[in-house]
J.: 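Okay, handing you the structure first.
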Amino acid sequence: MKLTAVWAIYRYEMTRFFRTLLQSFISPVISTSLYFVVFGTAIGSRIQEVEGVSYGAFIVPGLIMLSVIMQSISNASFGIYFPKFIGTIYELLSAPVSFLEIVAGYVGAAATKSLFIGVVILGTASLFVDLTIQNPLAMIAFLVLTCVSFSLMGFIIGLWAGNFEQLQLVPLLIVTPLVFLGGSFYSISMLPPFWQTVTLFNPVVYLISGFRWAFFGLADVPIGISLMAISGFTALCLGIIWWIFRTGWRLRD
Amino acid sequence: MAPILQINDLKKTYKGGFEALKGVTLDIEEGEILALLGPNGAGKTTLISTICGITMPSSGSVTVGGFDTVAQYRQARSLIGLVPQEINLEPFETVWNTVRLTRGLFGKSRDDAALEKILRRLSLWDKKDSKTKELSGGMKRRVLIAKALSHDPKVLFLDEPTAGVDVELRKDMWDIVADLKRDGVTVILTTHYIEEAEAIADRVGVINGGKLLLVEDKTALMARMGQKQLTIELREPLASVPAGLAEFDLTLAQDGAALVYTYDTKQDRTGITALLSALSGAGIGLRDISTRQSSLEEIFVGLVKESAA
């Protein structure tokens with residue numbers, strides 16, 4: 001692996017982020033504050049504690065996951081779709097780089113951006129509720145893995161998309177419902193038994209559950225299974241990207 | 001010495017079934033400038049794209065510096081710089097950043113002095129902090145060249161470098177190519193403009209319908225295929241070519257005020273001496289004479305017509 005090439009892509013992608021740093025910082029702060037006003041204060045005051053955790057604090061991991069997943073997908077999909085759209089992709093295809101280097105550069109940059117946003121949300125949330133993180137290392141590991149795996153997924157969407165509508169399609173139609181129904185704002189145990197079973201087919205459940213475990217020691221599914229799910233998802237995305245670059249699907253004629 | 005670029009029976013059929021390259025074989029020597037001439041859709045860009053890794057060959061092979069462009073793509077592509085036909089630049093990025101990206105992509109470590117040299121040579125230095133969208137069309141093309149040169153390629157592909165470029169910039173571009181040749185860079189350029197090939201190329205290839213019709217040394221090509229015309233302006237206009245001059249390939253021009261004699265430069269005897277004495281024998285007075293060599297353009301049009309027939 002040629003680190004010079006990875007660094008060149010990473011650095012180039014990050015300059016775009018730094019150009020709009022203020023926007024990147026303000027928008028998650030505002031949206032998180034809104035969530036806390038609506039869910040934490042207005043609704044949360046009428047909801048009892050969830051398994052010993054105040055509702056305001058309970059939704060923090062879900063909120064972070066929600067934004068991080070959406071941001072990872074949009075950053076990474078846009079990052080690789082944009083060169084395709086304006087034609088600068090020729091440079092990537094004619095450069096002496098392997099797919100791993102391209103992925104490391106683009107996905108690394110996209111994941112860094114969403115990690116930054118995740119941290120900003122965590123910081124904002126701590127202004128509204130008392131937060132203690134029981135397993136900080138596990139929390140960081142889950143956050144990083146989520147950023148990376150969903151950036152990989154976004155990268156695939158960006159490679160696949162043939163126009164801007166398609167770029168929006170998957171996040172809107174598939175990811176948003178999965179994330180909202182993945183237990184961001186509730187515990188799976190609050191659902192009727194049938195829906196609890198259905199929910200287990202939603203991969204996001206494992207992420208949020210694992211992440212929440214890192215905060216409060218509470219989990220809907222065992223932590224080991226959460227880790228396996230996210231690792232499997234990462235491997236699947238990498239496999240798909242490897243196949244795309246090997247066959248040139250939607251990349252090379 | 002082995003050729004720097006070897007193309008061996010390269011074929012490319014696109015998914016829709018269009019055969020863009022029908023078996024191209026070509027060797028290019030280090031340090032030469034090859035101009036690929038051909039009409040739109042001849043396969044010029046496909047040929048370049050296939051060598052550079054933007055499209056995959058259907059069959060055949062290409063080596064650059066001895067490295068196969070598919071199996072040893074890292075080594076092969078490191079040697080190549082590509083200036084695409086379309087002006088593809090990220091509009092919000094500065095000239096400096098975009099050139100620096102290319103150098104990094106090609107695995108070269110940061111070298112600001114080298115980039116400065118390239119930008120200065122292309123008169124881009126004072127624009128280095130400008131966003132590319134703020135530049136004129138000609139400047140953007142220079143940025144593309146700067147990017148392609150940023151990693152010191154041994155082989156440079158210029159895909160229609162002067163399409164839509166004004167005369168002055170075109171001359172500049174030719175000077176840049178001449179400079180590169182002096183540095184030992186091999187340049188392959190595609191063009192519609194015959195005058196461009198005539199001005200800067202060492203060899204000329206003519207491509208049409210996915211086939212390479214010929215590749216030849218430019219001067220040899222012009223000498224081999226070039227016919228010359230001798231125009232003789234007359235003192236008195238003639239109504240027709242006099243019968244005594246029938247053995248010569250003569251036509252009347254300028255309403256009979258001139259005779260045009262077409263001859264082949266590669267023959268030992270051009271027949272000019274005989275023609276002139278025949279003219280004087282027939283009592284025809286001359287005002288002036290001039291000769292003209294047929295240009296590459298005429299050769300080219302002739303070839304393309306032939307291949308279409």
Side-chain angles (χ1 to χ4, degrees), chain A residues 1-24 78-106 108-109 158-159 162 242-253, chain B residues 12-16 18 20 46 48-58 64 67 69 72-94 96-98 100-110 131-133 144 147-148 150-151 153 157 159:
Chain A
M1 186 128 117
K2 266 193 184 164
L3 289 176
T4 334
V6 176
W7 173 243
I9 298 172
Y10 182 84
R11 190 191 153 277
Y12 189 77
E13 282 295 295
M14 289 308 286
T15 52
R16 188 186 300 141
F17 178 64
F18 286 122
R19 260 202 310 262
T20 54
L21 191 63
L22 200 65
Q23 295 165 37
S24 312
F78 186 77
I80 189 67
Y81 179 72
F82 194 55
K84 271 180 27 174
F85 179 70
I86 60 172
T88 51
I89 189 87
Y90 85 86
E91 185 164 44
L92 222 46
L93 298 179
S94 62
V97 289
S98 71
F99 94 97
L100 267 180
E101 287 150 359
I102 296 176
V103 170
Y106 276 100
L159 286 174
W242 171 80
W243 175 84
I244 289 175
F245 274 86
R246 196 178 60 87
T247 58
W249 181 77
R250 298 228 168 170
L251 260 187
R252 285 186 168 96
D253 289 309
Chain B
K12 174 67 191 178
T13 307
Y14 284 105
K15 261 187 219 119
F18 176 66
T46 301
I48 290 185
S49 299
T50 312
I51 297 170
C52 295
I54 296 167
T55 49
M56 297 308 275
S58 303
V64 181
F67 300 108
T69 53
Q72 297 162 297
Y73 70 93
R74 274 188 197 272
Q75 295 96 321
R77 288 186 200 163
S78 304
L79 301 173
I80 299 177
L82 167 64
V83 181
Q85 186 176 339
E86 310 272 335
I87 295 182
N88 298 321
L89 285 169
E90 187 168 335
F92 308 108
E93 205 44 80
T94 62
W96 181 258
N97 263 341
T98 181
R100 199 178 144 188
L101 167 72
T102 314
R103 187 176 168 87
L105 269 179
F106 279 76
K108 291 273 176 118
S109 54
R110 184 176 174 179
K131 289 178 180 158
T132 60
K133 65 170 181 167
L144 289 176
K147 280 165 79 73
S150 66
H151 62 280
F157 287 94
D159 197 357

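Just so we're on the same page: letters track the sequence lines, and every chain starts at 1.
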J.: Could you give the distance from CZ (B:R110) to CH2 (A:W7), rounded to the nearest 0.5 Å?
T.: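 Taking CZ in B:R110 and CH2 in A:W7, the distance rounds to 10.0 Å.
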
J.: Measure the spacing between CD1 of B:I54 and CG of A:L251 and express it to the nearest 0.5 Å.
T.: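 Taking CD1 in B:I54 and CG in A:L251, the distance rounds to 11.5 Å.
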
J.: Show, in sequence, the C-alpha distance, side-chain angles and deciding distance for A:R11 and B:N97, and conclude whether the side chain to side chain contact (heavy atoms under 4.5 Å, CB included) test is met.
T.: CA-CA 10 Å; A:R11 190 191 153 277; B:N97 263 341; 3.1 Å; yes

J.: For B:L105 and A:P96, which heavy atoms make the closest approach, and how far apart are they?
T.: O-CD, 3.9 Å

J.: Say you draw a straight line from OG1 of B:T50 to CZ of A:R252; how long is it, rounded to the nearest 0.5 Å?
T.: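 One finds 11.0 Å between OG1 of B:T50 and CZ of A:R252.
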
J.: Using non-hydrogen atoms and a 4.5 Å limit, figure out which bit of B:L89 sits close to chain A: side chain, backbone, both or neither.
T.: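 Only the backbone of B:L89 comes within 4.5 Å of chain A.
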
J.: When rounded to the nearest 0.5 angstrom, what is the spacing between CD1 in B:I87 and CD1 in A:I86?
T.: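 Atom-to-atom, B:I87:CD1 and A:I86:CD1 are 13.0 Å apart.
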
J.: Let's test your reading of the structure: which of B:E86, B:K15, B:M56 forms the most heavy-atom pairs below 4.5 Å with chain A?
T.: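 Of the options given, most contacts go to B:M56.
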
J.: Side chain, backbone, both or neither: which part of B:L79 has a non-hydrogen atom closer than 4.5 Å to chain A?
T.: neither

J.: Looking only at heavy atoms, which two atoms of A:A95 and B:F106 are closest? And how far apart?
T.: CA-CZ, 3.7 Å

J.: Quick check: closest heavy atoms across B:K108 and A:T4, and the distance to 0.1 Å?
T.: O-CG2, 3.5 Å

J.: What's the spacing between B:R74 CZ and A:K2 NZ if we round to 0.5 Å?
T.: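 One gets 6.0 Å once the value is rounded to the nearest 0.5 Å.
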
J.: How far apart are the closest heavy atoms of A:Y12 and B:T98, and which atoms are they?
T.: CE1-CA, 4.1 Å

J.: Which atoms form the tightest heavy-atom contact between A:V97 and B:Y73, and what is the distance?
T.: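 Minimum heavy-atom separation between A:V97 and B:Y73: O-CE1, 3.4 Å.
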
J.: To the nearest 0.5 Å, what is the distance between OH on A:Y90 and OG on B:S49?
T.: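 Result: 11.5 Å between the selected atoms.
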
J.: Only heavy atoms, only distances under 4.5 angstrom. Which residues in residues 14-22 of chain A are near chain B?
T.: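 Residues A:T15, A:R16, A:R19 are the ones that qualify, each having a heavy atom under 4.5 Å from chain B.
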
J.: Sort out for me which of B:T69, B:I51, B:N88 touches chain A most, counting heavy-atom pairs under 4.5 Å.
T.: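 Among B:T69, B:I51, B:N88, the one with the most close pairs to chain A is B:N88.
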
J.: Which pair of heavy atoms, one from B:R77 and one from A:S94, lies closest together, and at what distance?
T.: CD-O, 3.3 Å

